[in-house]
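One structure is given here, and the rest of the page talks about it.
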Amino acid sequence: MLLSSVQTFSAEIPERYVRDVEKISNQYNADMKNFLRSLNPQITQFDAQQQAQFCNIVVQYVDSMYKTTDQNRQYLPLSIQSLTKQDVIDKVMLSPEMQILKKYNIQCKLQ
């Protein structure tokens with residue numbers, strides 16, 4: 001999700017930050033793929049366990065992305081330096097994956 005905006009600036013961004021973002025994104029993609037594969041295609045909404053598992057994946061992604069951005073903030077271009085946790089949450093919530101899953105009416109507490 002945020003990986004594309006980071007890759008655009010990769011010449012200006014520290015290599016460690018780019019690697020961290022790639023690692024976080026790859027882990028998120030693998031976790032989400034495994035989770036979605038575990039679902040019965042016939043379901044119309046998540047049960048409590050599925051919602052908790054899904055939200056855990058999303059919360060971990062948001063927290064990790066914000067943490068690595070915050071730790072590298074001084075080395076990043078101004079457009080990324082000013083990124084707040086709410087900005088990360090907004091990008092996640094507007095992602096194509098989350099738009100597809102809207103039909104399940106999942107409410108994760110992201111803060």
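A quick note: this is a predicted structure, and the numbers were derived from the prediction, not measured. The first residue of the sequence shown is numbered 1, and numbering continues consecutively from there. We use all heavy atoms of the structure for the numbers below, so side chains are in, but hydrogens, waters and symmetry mates are not.
- Proximity of a side-chain donor or acceptor of Gln51 to a complementary backbone N or O of Ile106 within less than 3.5 Å is not detected.
- Rounded to the nearest 0.5 Å, atoms OG1 (Thr69) and CD1 (Ile24) are 7.5 Å apart.
- With hydrogens and angles disregarded, no donor-acceptor distance shorter than 3.5 Å links the side chain of Asn56 to the backbone of Ala52.
- Pairing each heavy atom of Pro14 with each of Leu76, the nearest pair is CD-CD2, 4.0 Å.
- Between the CG atom in Leu36 and the CD atom in Glu97 there is a gap of 9.0 Å [rounded to 0.5 Å].
- Using a 4.5 Å heavy-atom cutoff, the side chains of Asp31 and Tyr61 are not in contact.
- The shortest distance between side-chain heavy atoms of Val58 and Met32 falls below 4.5 Å.
- Classification of the Phe46-Phe54 ring pair by plane angle, with boundaries at 30° and 60°, yields perpendicular.
- In this structure, the side chain of Ser95 engages the main chain of Val92 through a donor-acceptor pair within 3.5 Å.
- Residues Leu110 and Val88 are not in side-chain contact: their nearest non-hydrogen atoms beyond the backbone lie 4.5 Å or more apart.
- Under a 3.5 Å cut-off, the side chain of Asp87 and the backbone N or O of Thr84 do form a donor-acceptor pair.
- The main-chain N or O of Asp47 is found under 3.5 Å from a side-chain atom of Gln50 such that the two form a donor-acceptor pair.
- Considering only heavy atoms from C-beta on, Lys91 comes within 4.5 Å of Leu83 through its side chain.
- Listed by first and then second residue, the disulfide bond (SG atoms under 2.5 Å apart) pairs that reach into residues 72-111 are Cys55-Cys108, sequence neighbours excluded.
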Evaluate Ser25 against Tyr28 for side-chain contact (heavy atoms from CB on, under 4.5 Å), listing each step before the verdict. CA-CA 5 Å; Ser25 294; Tyr28 170 81; 5.6 Å; no
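- Applying the salt bridge (Lys or Arg N to Asp or Glu O under 4.0 Å) definition to pairs two or more places apart or across chains, those involving residues 58-82 are Asp63-Lys85, Asp70-Arg73.
- Not a single salt bridge (Lys or Arg N to Asp or Glu O under 4.0 Å) links Asp90 to another residue, sequence neighbours left out.
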One pair to check against side-chain contact (heavy atoms from CB on, under 4.5 Å): Ile80 and Asn72. What are the steps and the verdict? CA-CA 10 Å; Ile80 298 176; Asn72 292 281; over 6 Å; no
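- Residues Leu101 and Ile43 are members of one and the same hydrophobic cluster, defined by side-chain heavy-atom contacts under 4.5 angstrom among Ile, Leu, Val, Met, Phe, Trp and Tyr.
- More than 12 heavy atoms of other residues, nucleotides or ligands sit less than 6.0 Å from atom CD of Gln99.
- Interatomic distance, CE of Met98 versus CD1 of Ile89, reported as 10.5 Å (0.5 Å rounding).
- Interatomic distance, Gln71 CD to Tyr66 OH, rounded to the nearest 0.5 Å: 11.0 Å.
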